[in-house]
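Notes follow the structure.
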Amino acid sequence: MRKTVYWIEGDGIGPDVWKAARPVIDAAVAKTYGDARSIEWKELLAGEKAYAATGEYLPEATMQALRGAELAIKGPLGTPVGKGFRSLNVTLRQTLDLYACIRPIRYFEGIMSPVKRPDLVDMVVFRENTEDVYAGIEYKAGTPEAKRLIDFLRNELGANVDPESAVGIKPMTARGSKRLVRRAMDFAVAQKRSSLTLVHKGNIMKFTEGGFREWGYEVVRDEFADAAVLEADAGGAAGKVVVKDRIADAMFQEVLIRPDQYSVIATSNLNGDYLSDALAAQVGGLGLAPGVNMSDSLAFFEATHGTAPTIAGQDRANPGSLILCGALMLEHMGWNDAATRIYNAINTTIGNRTVTVDLASQMASATTVGTVAFGELVEK
Ligand code: NAD
């Protein structure tokens with residue numbers, strides 16, 4: 001079986017981390033499946049490389065290929081200043097309707113962590129990526145738009161809003177929430193995860209965050225009746241995904257106190273933004289965090305760090321995030337044994353304390369290696 005994967009090199013340290021990551025991904029597939037499975041890599045241009053070749057940062061040919069693609073993976077893209085883009089990443093997410101942002105959080109032995117038992121953390125956060133306060137519907141205090149909206153809220157709806165307020169809108173839909181939860185449940189079932197937790201703030205925001213909770217349970221009840229069991233009925237739950245919900249503030253405590261009770265998390269945009277960074281910090285691994293943004297047709301994996309321009313081209317960047325993106329992609333493809341091979345190899349390499357300079361500076365008695373050498377150690 002040969003699978004096509006589109007890849008974007010990225011700016012800054014993009015070329016450095018790819019040099020290390022791609023051989024690791026190919027070797028994991030070859031060592032696990034021999035000739036029976038392989039990846040056909042097809043490059044797409046974006047960012048500075050695209051601009052140099054075509055005069056555009058996101059050429060139409062790239063977008064067209066991505067619209068028809070199942071799998072893509074990218075290095076970091078810089079934000080072209082004054083070129084009419086808020087961010088290439090945001091443009092890609094919006095244009096391709098990449099509605100689910102997925103971040104796995106797992107600990108690698110030896111990395112510095114601010115918590116006592118980082119080894120108990122093994123979670124995957126599914127964050128809704130298109131709705132909520134990120135929809136960008138916001139009005140500055142004192143502007144005619146804010147005043148009109150406030151007048152309407154006060155006069156027509158009887159809402160108690162201070163006329164001097166800045167106002168933001170938090171749109172959330174059943175469709176948007178359900179497709180996110182469906183995606184998270186599909187993953188939990190396929191990966192035989194122990195639980196799925198809906199995280200929301202429905203005690204305060206009844207119809208938006210409370211809606212998310214309600215719509216989430218609806219998906220579970222209507223579409224996953226055989227594979228899931230509710231927390232309250234979990235007595236005979238062997239082999240099923242236990243589904244529960246937690247209020248967001250309590251969840252921040254829970255993941256510190258009882259991280260082993262949580263496996264897959266599905267949540268709205270703002271909660272997910274906070275929670276995924278807080279969890280990544282617990283395992284000390286912001287620089288090692290992989291991620292994927294998904295639409296209904298495309299899984300678009302991305303290194304979550306930026307272009308790190310000050311170390312670009314110096315063989316100093318940590319390729320771990322992109323390598324782990326590769327593992328996540330293999331898992332998504334169902335090539336789990338190859339993914340496990342990568343996770344184990346990263347574990348061993350970091351456990352041996354042979355790491356790039358960013359990690360070495362946080363670890364006791366570590367040996368510093370370059371970007372490519374780190375990749376070679378993982379590939380061995
Ligand atoms: P950054 O992640 O590039 O850098 C922050 C710090 O982390 C720097 O000290 C950098 O040297 C270090 N760092 C980052 N990745 C590293 C790695 N793999 N190995 C070792 N050290 C690493 O963030 P920034 O400086 O805020 O952003 C730089 C550019 O990257 C901006 O144009 C920004 O828009 C873009 N950016 C892109 C993405 C993306 O494509 N997903 C994400 C964040 C930032």
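Residue numbers start at 1 and run along the sequence shown. Nothing here was measured: the structure is a model prediction, and the numbers come from that model.
How far CG of Leu256 is from CE of Met251: 10.5 Å, rounded to the nearest 0.5 Å. Rounding to the nearest 0.5 Å places CG of Leu275 at 8.0 Å from CE of Met123. Interatomic distance, Asp337 CG to Thr32 OG1, rounded to the nearest 0.5 Å: 6.5 Å. To the nearest 0.5 Å, atom NZ of residue Lys74 and atom CD of residue Glu302 are 4.0 Å apart.
Side-chain N/O atoms of Asp296 and Tyr99 include a donor and acceptor closer than 3.5 Å. Side-chain contact of Ser268 with Asn271: a donor-acceptor pair under 3.5 Å is present, judged by distance alone. Counted by atom type alone, Asp358 and Thr356 present one or more donor-acceptor pairs between their side chains at under 3.5 Å. A donor-acceptor contact closer than 3.5 angstrom links the side chains of Ser38 and Arg2.
The two residues Ile8 and Trp18 have their closest heavy-atom pair at O-NE1, 3.1 Å. In terms of heavy-atom proximity, Thr130 sits nearest to Leu98 at CG2-O, 4.4 Å.
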**Item:** side chain to side chain contact (heavy atoms under 4.5 Å, CB included) between Thr91 and Tyr57, intermediate numbers included
**Value:** CA-CA 11 Å; Thr91 306; Tyr57 283 96; over 6 Å; no
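A distance-only check finds no donor-acceptor pair linking the side chain of Asp11 to the backbone of Thr307 [under 3.5 Å]. In terms of modelled atom types and a separation under 3.5 Å, the side chain of Arg353 and the main chain of Ala364 share a donor-acceptor contact. Side chain of Thr62 to backbone of Leu45: a donor-acceptor contact under 3.5 angstrom is found.
Glu40 CD: more than 12 foreign heavy atoms inside a 6.0 Å radius. Within a 6.0 Å radius of CD in Glu109, other residues, nucleotides and ligands contribute 12 heavy atoms or fewer. Within a 6.0 Å sphere centred on CD of Gln314, heavy atoms belonging to other residues, nucleotides or ligands number more than 12. Atom CD of Glu43 has more than 12 heavy atoms from other residues, nucleotides or ligands within 6.0 Å. Other residues, nucleotides and ligands contribute more than 12 heavy atoms inside 6.0 Å of the NZ atom of Lys244.
Qualifying ring-ring contact (aromatic ring centres under 6.0 Å, His included) partners for Tyr33, counting only residues two or more places apart in sequence or in other chains: Trp335. Every residue two or more places apart in sequence or in another chain was checked for a ring-ring contact (aromatic ring centres under 6.0 Å, His included) with Phe108, and none qualifies.
Looking at Glu145 and Lys140, their side chains never come closer than 4.5 Å, going by heavy atoms from C-beta outward.
Ion pairing between a basic and an acidic side chain is recognised when a charged N comes within 4.0 Å of a carboxylate O; Arg193 and Asp122 show such pairing. Remark: Asp97 engages Arg179 in a salt bridge, criterion side-chain N to carboxylate O under 4.0 Å. One finds a salt bridge joining Arg67 and Glu60 here, because a Lys/Arg side-chain nitrogen approaches an Asp/Glu carboxylate oxygen to under 4.0 Å. A salt bridge links Arg246 to Glu231: at least one charged side-chain nitrogen sits closer than 4.0 Å to a carboxylate oxygen.
Leu153 belongs to a hydrophobic cluster with Ile137, Tyr139, Leu149, Ile150, Phe152, Leu157, Val161, Val167, Ile169, counting contacts under 4.5 Å between side-chain heavy atoms of Ile, Leu, Val, Met, Phe, Trp and Tyr, direct or through other members.
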